[in-house]
Amino acid sequence: MAPPVPILRMSGICKEFPGVRALSDVDFRLMPGEVHALMGENGAGKSTLIKVLTGVYDIDAGEITLDGAKVAFANPLQAQQAGISTVYQEVNLCANLSVAENIFIGREPRRLGRIRWREMRRRASQLLGRLDLDIDVTAPLSAYSLAVQQMVAIARAVDISARVLVLDEPTSSLDAGEVEQLFRVMRRLKDEGIAILFVSHFLDQIYEIADRMTILRNGRLVGEYLTSELGQVELVGKMIGKELEDLTELDEKPKELEAVERSQPFVEARSLGRSGSVEPFTLTIHEGEVVGLAGLLGSGRTEVARLLFGADHATTGEVSVGGTPVALRTPRAATARGIAFCSENRRAEGLIPDLTVRENIVLALQAARGWSRPIPRRRQDELVDKYIQALRISPANPDQLVKNLSGGNQQKVLLARWLIVEPRLLILDEPTRGIDVGAKAEIQRLVASLADGGMAVLFISAELEEVLRLSHKVGVLRDRRLVAELPNDDDLTTGVLMETIASGGRT
Amino acid sequence: MSSDVATSGPSGSSGSSGSSGPKGSATGRPSRAAVLRGRERYIPVMATGALLLAMFVVGGMRYEAFASGQIVLNVFIDNAFLLVVAIGMTFVILTGGIDLSVGSVVALSTMISASLVTGQGWPPLVVIPLVLLIGAALGFAMGSIIHYFDIQPFIVTLAGMFLARGLCYTIGTDSIPITDETYTAIAQTRIDLSAEMFISPSVLIALAVVVVATYVLHYTRLGRNVYAVGGNEQSAMLMGLPVARTKIAVYTISGFCSALGGVLLSFYMLSGYGLHAVGMELDAIAAVVIGGTLLTGGSGYVLGTVLGVLVLGLIQTIISFEGTLSSWWTKIFIGMLLFVFILLQRLITARRS
């Protein structure tokens, strides 16, 4: 068990942004040799607390002590020098340099000013060996997966004598094997007495790795608990501040498949495929139907979506929309036929961080109208207000810059953008990744009600429960091939889905 | 009950794939393909080397007296100043920047040298260090503006280009001949390598610059920081590297190299003139790019730049051997080569991402 003296103590932390009280009177402590999860919904103040700790923001009130001494960091570099290192989901390393260099750059072993490459490589291999990572340290970092890059970042952090390691959503983009690997490294570091602050939205992961957790809600401290003493349901209750009825409400199964499939097919893809990307598949989506796509990361889920949206060109097969064969050569052509695509990569492919919520929301509608016919300001306000309320986007300020919103709210803005063009097929690629349970439930509820209203939805998610909860039928992808199409009846469970993914549909 | 909650993401730990899962290979050595991908950074340099070799072979088959060592050495002799300037440009481009002022700084250096040596009778041993200092100071000033005011290098060095070119004409509008003994002695010195082969002192200076630049880029912190800044400036900052110092340093180096190139050019031309080295910045950039350095920064080698300069020089040589082609064909070939090499870079970076 952790010794009783915390290495890091934050007490009475307050942080205010214009119009928002991000943190009020938050206490937090971290013991050496423990993994401590920081929990809370989006906007609860987790990111702010981490940024305050690492010197990105200064604090309005309260104090931070490290090893008993009061500290205040002006920037992340100072925090790092004091022994607090942060590894973000996006790896902040130089992919063009070798693995060894990324670990040692700025502190290379030298003799008379000359870098000792051999020594550097030897020490890099040794250090990575300590983390159970046996890789060629002379290869450029870009040759490795994101998971390995993250571990190289951790190795660098640890070697700069980190006593406190902050891991902010490190697992969001990793697959199961990679997460295991990361956890092995975390356990090893923990045994060496390093204190680890861990943020993740995956509750299973928290329960697997964390010893203790601190829960925040609306910028306030809810409490600190031992993981072993707090059940998942209680945890979620504390995070969202209410019981789980909101989530269980949706538990009823979606309508019978047969009933839905009696309606008009909206999109029919016949032997549609793209060489090197996804094998030819046949898929029909009816009006009012939610089709789920399940499969591992990289199994071709996104590729299917991109083909249907015209973002990639099909090399074989054909598509008809509303009964007429069409060529979806560009996203523009797809949009014109009522197809909307919410990308999984909301930062890179969707939102424009420096525009306001209003501008981001009206973007697609404006594009559909053509730029020569601006949407009147009054109409914009009407639409934007309507969707801010419907989706409960917070803060409910249309003039807020999107980059200042939390992840879940950014996702809602992206959804709103596509909803106002009133698409007939909405493609959602991982709409709930990296957002908290409350927002997740809201988005799921929204999808269900949109389908009730007659919209066709293609729902892609790595979370099988979620796919099952929403879909009328589920397409299973494996190795870039659609291996099965299963009606969502009483027999279909996450277990069956996992088996299908594992066996590739052969029974 | 608990399964209602979002429990397992793509990383749901429950059973489906344990530590020995299909992606467990991430621990092992990178796949062969991954390593090859990593080595792709050498492809552009090798392509330039192959091109150079091919040009030499074709030239040797087509023209008598082409396939001699002196032809290659002449390329060095005639382009020593360009080589030095292009080395400075390599540093700048490796950080993802650009320096348009180099040609003008070369001209200004010849002009200052000529006016002080011929007009004022200053000794060359004073003039040359002074000129080098002025070049470095100009580069330092531009680098500081680029970094501290966060302005595009393109526009800052464009301003520097006009400034330096304009300053030439405040010294004089006509060409000033240099008749100083030291200069003429250096200009006429031949260093014999064998009975038929010789080089000029300028070539030795240029090769010394190549060696020093290679050492700096690969064996000093400054050099590695240059690559890091070019790879990802934001990350370099977060890793605690001296980004400001590095960026200012590369423009200072480029300014110094331009001034040194100007000194070499004044040996070569034995004159100072405001119209010397017009457009040399573009030749230098072309040489660096043909040498395989990515314009986006972070990837490239001094050796590549040497090969790039040789390619440009050899094109000129071939065209002069051909005799019937006008010298504008040089530009046409350089233009086509640039297209090809930029496309090659694009393909490689696209594959990498």
Side-chain angles (χ1 to χ4, degrees), chain A residues 76-77 80-81 92-97 101 105-106 108 110 113-115 132-136 139-140 142-145 147-148 156 171 174-181 184 201-205 208 231-233 236 244 247-248 251 296-297 432-433 437 440 462-466 494 498 502, chain B residues 1-31 33-41 215 218-221 223-225 227-242 294 297-299 352-353:
Chain A
L77 194 57
Q80 195 179 66
Q81 279 157 356
N92 285 307
L93 295 175
C94 292
N96 60 322
L97 302 181
E101 264 199 289
I105 193 160
E108 299 96 336
R110 291 186 300 177
R114 185 184 199 275
I115 294 173
D132 242 354
L133 204 60
D134 174 29
I135 59 175
D136 176 9
S142 56
Y144 292 98
S145 68
V148 173
R156 178 181 172 89
T171 56
L174 307 189
D175 67 31
E178 293 170 335
V179 170
E180 270 313 310
Q181 197 181 358
R184 269 204 306 281
H201 277 109
F202 301 116
L203 299 189
D204 274 359
Q205 293 179 1
E208 188 184 340
Q232 291 210 3
V233 179
V236 172
L244 278 175
L247 289 166
T248 46
D251 208 27
L296 297 173
L297 216 64
T432 61
R433 174 193 293 174
V437 278
K440 236 175 217 177
E463 294 183 24
L464 299 181
E465 291 89 349
E466 186 176 70
T494 52
M498 275 189 216
Chain B
M1 184 64 182
S2 66
S3 70
D4 294 334
V5 185
T7 43
S8 63
S11 35
S13 50
S14 48
S16 66
S17 94
S19 55
S20 60
K23 299 275 179 157
S25 61
T27 14
R29 300 189 166 272
S31 64
V35 170
L36 283 178
R37 203 157 55 236
R39 300 292 182 250
E40 269 174 10
R41 56 199 164 142
Y215 181 83
H218 294 283
Y219 290 101
T220 67
R221 279 201 183 156
R224 301 322 294 169
N225 292 346
Y227 281 93
V229 168
N232 189 334
E233 191 174 330
Q234 188 68 30
S235 292
M237 193 107 66
L238 286 173
M239 285 197 282
L241 303 180
L294 286 184
S299 171
R352 207 179 280 167
S353 64

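Note on naming: letters A, B, ... go to the chains in the order of the sequence lines (proteins, then strands), and numbering restarts at 1 for each one.
Between chain A and the options B/Pro242, B/Gly231, B/Ala236, the largest number of non-hydrogen pairs under 4.5 Å is found for B/Gly231.
Residue A/Ile105 touches chain B through both its backbone and its side chain, counting heavy-atom pairs closer than 4.5 Å.
Every residue two or more places apart in sequence or in another chain that forms a salt bridge (Lys or Arg N to Asp or Glu O under 4.0 Å) with B/Arg224 is listed here: A/Glu101. Partners of B/Asn232 according to the side-chain hydrogen bond (donor to acceptor under 3.5 Å, both in side chains) rule, which considers only residues two or more places apart in sequence or in another chain, are B/Ser235.
Closest heavy-atom contact between B/Tyr227 and A/Asn96: O-ND2, 3.1 Å.
Within the 4.5 Å cutoff, no side-chain heavy atoms of B/Met239 are placed close to those of A/Asn92.
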